[in-house]
Amino acid sequence: MTPPLPHRAGRRLAAALAALLAGALAVPAAAQAQPPADANYDFNGPVNLGDAPLPGGFTLVFGDDFTPGAHTVTVALDVDAAPGTFAFTTGDQGALPCTHHDTGVDCVRDAAEAELHFAFLFAAADDAQPGVYGYTATAAVDGTEVDTYSGAIEIVDPFPAQAFPFRHANLAYTGVEPGATVDVFPEFLQQDAFDPGTGAVVLTFTEPEYAAYDQGVDAIAAYDNCAADFFDRRGVVCVITDIEDAPGTVFTTTGPVPYEVDPLAPGPFDVCVCYYSATTVSKDERESAYGDITWDDDGHVLGLRAVADPELEYSDPTVGELDIVTREHFYDLAIGDADARGTTGEERTLTVPIDNHGPATAFGLFGIHSYYVTGALPDGLDLVRIDSDGGDHWDCLGDDEAAELLPEVDAGASDFLCMFDRLDAGGTIEFTFTVEVTDPGSTDRGVLEVHGRNNAGIYPGVLEDDLANNTGTVTVNAVHLPDTGSSLTWVLAGALAALVAGAVLFAATRRRSGR
């Protein structure tokens, strides 16, 4: 065959190059898609068996080469686990939802923006096996893979049967006398057999978790194999080595664990929002963690015994609730009066006593924000400063903070709202503020009030029944008798009446003598 002429070869090469160029121009945009400039694949653990679903999601941010609205973007998550190991559901995070299947999720966005946020929820199935599971998340644009991420996620059993073989009952003691001792007998059902290496049953009894102070109740370590404040935690820990492996048996202790109630505790109030727990430890764990608790087996030792006729419900594998509620035992808060004596423009610092007449102590239940004082000044006085603010007892709030902490109080109707934390029965604290006299002749009366905080009308409940002395007054140049507190106005009125009567009598006498 005659070889083609050079000029024909050139034309053929040009045609071939043109065809290649046309083909390149005809390639779909997806083939040119670049990996996202930024990507985050949020599918993290560990995941605890029995926990509520966790949020997961994917964020993709594409660069300038991505045309918004012109592509379909997908992200597929596949977990290397038996179907149903993870429970996936649609997320509601204000992001794009994903559909779910037995081993993962599929996220799709048509006409995608350059920045995408997909969301879903995931949890470990109830019957999932603890372990580490690998997964792959694959992102694609118009069906072309642009990014892949591989990771691993762990499912954890937070309460393995060998350590948490018991199910606990909830206990409640009501109408308790302040100052009494409550004998607590915990009850727990052994649901699972002990691990062969079990060396002890450890019982833990907490003290109030809400307490900002050492208040309410004290758990007593009344046995040789018990210790108070172990691990620097308020409460009691008991180590029992004489144990029986008896699944299906409800156990209690051979003796009571005493809780002593504060004799000044208010009521009715749950002074012991407490918990108890029974767990097992191996011999090595018993020695390493609780080796400091030693005893003579012939001594006064707390043990376990079976409950003959159990009547409670046993459910939680970790703790049982323990509530001790006192009978009615109120505190009585009272606030004094304040009088600013001065002339126009003078500043006066006023100190008001706040008392607790008892018989109960006003416990600190919300930290420093347990009790509040409000003050509405009368006409004739302007607030200069609150001297007590920031002191040992006081924290004064702005309107926004007051509205958040005390929505039931109209903070805007007061010149100040300040809070304190606790007041013992028979105790007094002082509240000090400074005012300027703007009208020394004002007869208006301002109002001071003191009250206990009652969160949402529920907690802690009504702990004060006498509110007659919870209100005081603020006045300008009002004089009071020191002994009786009677207003001098009445004394002056009486003196004036006496003077008038004397004058009349004198005049009458003169008239009679003149005759």
Side-chain angles (χ1 to χ4, degrees), residues 168-188 202-223 226-238 252-253 256-279 302 312 316 318-331 333 356 358-372 393 395 405 419-425 427 452-464:
H168 301 74
N170 296 330
L171 307 176
Y173 303 84
T174 59
V176 175
E177 184 75 21
T181 296
V182 177
D183 290 334
V184 173
F185 282 92
E187 287 193 23
F188 38 91
V202 177
L203 302 182
T204 302
F205 301 85
T206 75
E207 291 180 6
E209 294 196 345
Y210 65 82
Y213 297 85
D214 184 6
Q215 61 181 13
V217 296
D218 291 316
I220 307 302
Y223 303 90
C226 298
D229 302 330
F230 206 69
F231 297 132
D232 293 326
R233 297 175 186 169
R234 294 178 57 220
V236 168
V237 172
C238 301
T252 188
T253 49
V257 176
Y259 273 76
E260 293 182 353
V261 180
D262 187 336
L264 299 178
F269 180 64
D270 193 346
V271 294
C272 191
V273 182
C274 306
Y275 301 92
Y276 73 92
S277 68
T279 59
L302 185 69
L312 303 178
D316 197 297
T318 57
V319 296
E321 295 178 8
L322 171 58
D323 295 290
I324 298 175
V325 181
T326 53
R327 66 159 177 82
E328 279 192 356
H329 192 223
F330 299 119
Y331 54 73
L333 300 180
N356 179 5
T361 285
F363 275 2
L365 304 177
F366 300 93
I368 199 169
H369 298 126
S370 295
Y371 304 90
Y372 63 93
H393 300 286
D395 181 28
L405 286 178
M419 305 195 74
F420 63 97
D421 49 8
R422 173 185 169 107
L423 189 52
D424 291 338
R453 180 180 172 190
N454 193 358
N455 191 35
I458 300 173
Y459 176 87
V462 177
L463 297 176
E464 182 176 19

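Counting from 1, the numbers follow the sequence of the chain as shown.
A heavy-atom distance below 4.5 Å is found between the side chains of Val217 and Pro208. For the pair Asp421 and His393, the minimum side-chain heavy-atom distance is below 4.5 Å. Side-chain contact between Pro266 and His329 is absent, with no heavy atoms from C-beta onward closer than 4.5 Å. Under the 4.5 Å side-chain criterion, counting only non-hydrogen atoms from C-beta, Arg422 is in contact with Phe363. Residues Leu171 and Val184 are in side-chain contact: their nearest non-hydrogen atoms beyond the backbone lie under 4.5 Å apart. The side-chain heavy atoms of Ser277 and Tyr275, taken from C-beta on, include no pair separated by under 4.5 Å. Using a 4.5 Å cut-off on side-chain heavy atoms (C-beta onward), Thr253 and Phe185 make contact. At least one side-chain heavy atom of Val271 sits less than 4.5 Å from a side-chain heavy atom of Val261.
Between Phe269 and the choices Leu365, Val325, Val176, the side chain to side chain contact (heavy atoms under 4.5 Å, CB included) rule is met once, by Leu365. Put simply, the residue from Thr204, Val237, Val236 that forms a side chain to side chain contact (heavy atoms under 4.5 Å, CB included) with Phe230 is Val237.
Annotation for Ala221 and Ala228: closest pair CB-N, 3.7 Å, computed over non-hydrogen atoms. In this structure, Gly358 and Ala425 approach most closely via the heavy-atom pair CA-CB, 4.2 Å. In plain terms, the two heavy atoms of Glu260 and Thr181 that are nearest each other are CG-OG1, 3.6 Å. Taking each heavy atom of Met419 and His369 in turn, the nearest pair found is CE-O, 3.3 Å. The two residues Ile220 and Val257 come nearest to each other via the heavy atoms O-CG1, 4.3 Å. Looking at every heavy atom in both residues, Leu322 comes nearest to Tyr173 through CD1-CE1, 3.7 Å.
Rounding to the nearest 0.5 Å places CG of Leu333 at 5.5 Å from CZ of Phe420. Taken to the nearest 0.5 Å, the CG atom of Asn170 stands 8.0 Å off from the CG atom of Asp323. Distance OH/Tyr259 to CG/Asp218: 10.0 Å, rounded to 0.5 Å. If you take CD on Gln215 and CG on Asp424, they are separated by 9.5 Å, rounding to the nearest 0.5 Å. Note that CG of Asp316 is 8.0 Å distant from CD of Glu321, once rounded to the nearest 0.5 Å. Thr326 OG1 to Leu264 CG: the interatomic distance, rounded to the nearest 0.5 Å, is 12.0 Å.
Counting heavy-atom neighbours within 6.0 Å of Arg327 CZ, excluding the residue itself, gives a total above 12.
Phe205 and Tyr276 have parallel rings, their planes meeting at less than 30° on a 0 to 90° scale where 60° marks the start of perpendicular.
Checked by atom type and distance alone, the side chain of Asn356 pairs as donor or acceptor with a backbone atom of Leu423 at under 3.5 Å.
Within the 6.0 Å centre-distance limit, the rings of Phe366 and Tyr459 are counted as a close aromatic pair.
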